A.B. asks: 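Right, I'll just put the structure down here and ask away after.
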Number of protein chains: 2
Amino acid sequence: MSWTERTEETLRQAGYRRGAARRIVVSVLAREGCCVTVPEIVDAARRQGHDVGLASVYRVLDLLTEKGLAQKIELGEGRARYERVEPQHERHHHHLVCTDCGRIEPFSDEELETALRRVEEETGFAVASHDVLLRGSCDDCRAA
Amino acid sequence: MSWTERTEETLRQAGYRRGAARRIVVSVLAREGCCVTVPEIVDAARRQGHDVGLASVYRVLDLLTEKGLAQKIELGEGRARYERVEPQHERHHHHLVCTDCGRIEPFSDEELETALRRVEEETGFAVASHDVLLRGSCDDCRAA
DNA sequence: ATCAGTGCAAAACATTTGCAGCATG
DNA sequence: CATGCTGCAAATGTTTTGCACTGAT
């Protein structure tokens, strides 16, 4: 079952209707692999031939985040980014950000996840999710 | 050499003057162990008997961050937090945030740092810093 | 005395909210 | 055909910027 299918199914079962904004935002997130900003979502939607209101995008993203179907990520840019969350932590990844040009690259590492799981168990919290952010200069910026 | 001394020395050597706002913000960050918001800094300053303009606080924080003396952290609250950075990564730590009440707890783990250092070497970036954010419910909120 | 640093007020953004009309179930 | 969803516009909150004045060197 694809992320889109699982998402539509989850929302339907929770009693939500399948409105235009929800369909459009889900469609955009399904195609975008890594984290995108709200204006980027609106632009991508327009490129697909659909217009969505900013407010609706924020509302859909809040809903998806609350249901664990998407997650909000802040990389220090002063605005949030969102990306889909796959079941079984498939394609789970973290982010590498270039402090010079803003370039964002995803990465993943199983040993890091193992260390995180252990730390999460040791805290007094019931940890639901985690983010790792690496900041530095990308190869292009270092060469320049 | 304390963080305050190192900070004042670094700024002086870089040709910056020792103005009121800089002295006040440095003094507040020196006393706060963990990440604080800009209004929290202004309030803490007032409690110490000093008034600072919001804009100046932002400007000082930008400068300290650029010089690697402080770091900006976003925990998904819609506003940034700042904390001092000690030399040799002393007191280096990460953050655990309760998604119910907003409580923030610092934690540190040497094995996690080791895993991070290894991952950082494998990227094509020259990684300068990293943040780890754990989200979940704190014991109080889970009990309630 | 010079000019960097500061504070205020205004501007620029990001995000949230109120509400009237539309469209889903 | 009821009411949940959407879009607009206004409100809110955070961060940035312009500018005249102050104070450090």
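Below, chains carry the letters A, B, ... as their sequence lines are ordered, and counting in each starts from 1. Everything quoted here is computed from the prediction, not taken from an experiment.
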A.B. asks: Could you tell me whether the side chains of B:H93 and B:E105 share a donor-acceptor contact shorter than 3.5 Å?
C.D. replies: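 Side chains of B:H93 and B:E105: no pair found under 3.5 Å.
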
A.B. asks: Counting N and O atoms only, with roles assigned by atom type, does the side chain of A:E74 sit under 3.5 Å from a partner on the main chain of B:G76, one being a donor and the other an acceptor?
C.D. replies: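 Yes, because the side chain of A:E74 sits within donor-acceptor range (under 3.5 Å) of the backbone of B:G76.
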
A.B. asks: On a heavy-atom basis, which atom in B:C35 and which in B:I104 lie closest, and how many Å separate them?
C.D. replies: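 Closest approach of B:C35 to B:I104, heavy atoms only: SG-CG2, 4.2 Å.
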
A.B. asks: Applying side-chain hydrogen bond (donor to acceptor under 3.5 Å, both in side chains) between B:E113 and each of B:H130, B:H89, B:R118, report the one that passes.
C.D. replies: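 Per the side-chain hydrogen bond (donor to acceptor under 3.5 Å, both in side chains) rule, the option paired with B:E113 is B:H130, out of B:H130, B:H89, B:R118.
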
A.B. asks: Round to the nearest Å and state the distance from B:I24 atom CD1 to D:dA24 atom P.
C.D. replies: 12 Å

A.B. asks: Could you tell me how far apart B:R81 (CZ) and D:dT14 (P) are, to the nearest whole angstrom?
C.D. replies: 11 Å

A.B. asks: In whole Å, what is the span from the CD atom of B:E8 to the P atom of C:dG5?
C.D. replies: 14 Å

A.B. asks: Could you tell me whether the side chain of B:R59 has a donor or acceptor atom within less than 3.5 Å of a complementary atom in the base of C:dT6?
C.D. replies: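 Under the 3.5 Å cut-off, the side chain and the base do not form any donor-acceptor pair.
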
A.B. asks: Could you give the CG-to-C1' distance, from B:D62 to D:dT17, as a whole number of Å?
C.D. replies: 12 Å

A.B. asks: For A:K72 and C:dA14, what is the distance between atoms NZ and C1' respectively, to the nearest whole Å?
C.D. replies: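 These atoms are roughly 10 Å apart.
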
A.B. asks: From CG of A:L11 over to P of D:dT6, roughly how many Å is that when rounded to an integer?
C.D. replies: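 So the two atoms are 10 Å apart, to the nearest Å.
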
A.B. asks: Quick one: on DNA chain D, does B:V38 or A:A21 contact a more 5' nucleotide (nearest heavy atom)?
C.D. replies: A:A21

A.B. asks: State whether B:Y58 places a side-chain N or O below 4.0 Å from either non-bridging phosphate oxygen (OP1 or OP2) of D:dT16.
C.D. replies: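 For D:dT16, OP1/OP2 do not have a side-chain N/O of B:Y58 under 4.0 Å.
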
A.B. asks: So which heavy atom on B:H94 is nearest to which on B:V132, and how close?
C.D. replies: ND1-N, 3.1 Å

A.B. asks: When all nucleic acid strands are considered with a 4.0 Å heavy-atom cut-off, which category describes A:R22: base, sugar-phosphate, or nothing?
C.D. replies: sugar-phosphate

A.B. asks: For B:P39 and for A:Y16, find the nucleotide of DNA chain D with the closest heavy atom, then tell me which residue's nucleotide is more 5'.
C.D. replies: A:Y16

A.B. asks: Please give, in whole Å, the distance from D:dG4 C1' to A:R18 CZ?
C.D. replies: 16 Å

A.B. asks: Output the rounded distance in Å from CZ (A:R23) to P (D:dG4).
C.D. replies: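 Roughly 19 Å, once rounded to whole Å.
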
A.B. asks: Measuring from the side chain of B:R17 (C-beta onward, heavy atoms only), which nucleotide among C:dA23, D:dT15, C:dG5 has the closest atom?
C.D. replies: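 For the B:R17 side chain, the nearest candidate turns out to be C:dG5.
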
A.B. asks: Base, sugar-phosphate or nothing for A:G78? Non-hydrogen atoms, less than 4.0 Å.
C.D. replies: sugar-phosphate

A.B. asks: For a quick check of understanding: with a heavy-atom distance under 4.0 Å over all strands, which category does B:R79 fall into, base, sugar-phosphate or nothing?
C.D. replies: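 Answer is sugar-phosphate: B:R79 comes under 4.0 Å of backbone atoms only.
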
A.B. asks: Which is true for A:A55 with a 4.0 Å heavy-atom rule: it touches a base, it touches only sugar-phosphate, or it touches nothing?
C.D. replies: base

A.B. asks: Toward the 5' end of DNA chain C, which comes first, A:A20 or B:L54, by nearest nucleotide?
C.D. replies: B:L54

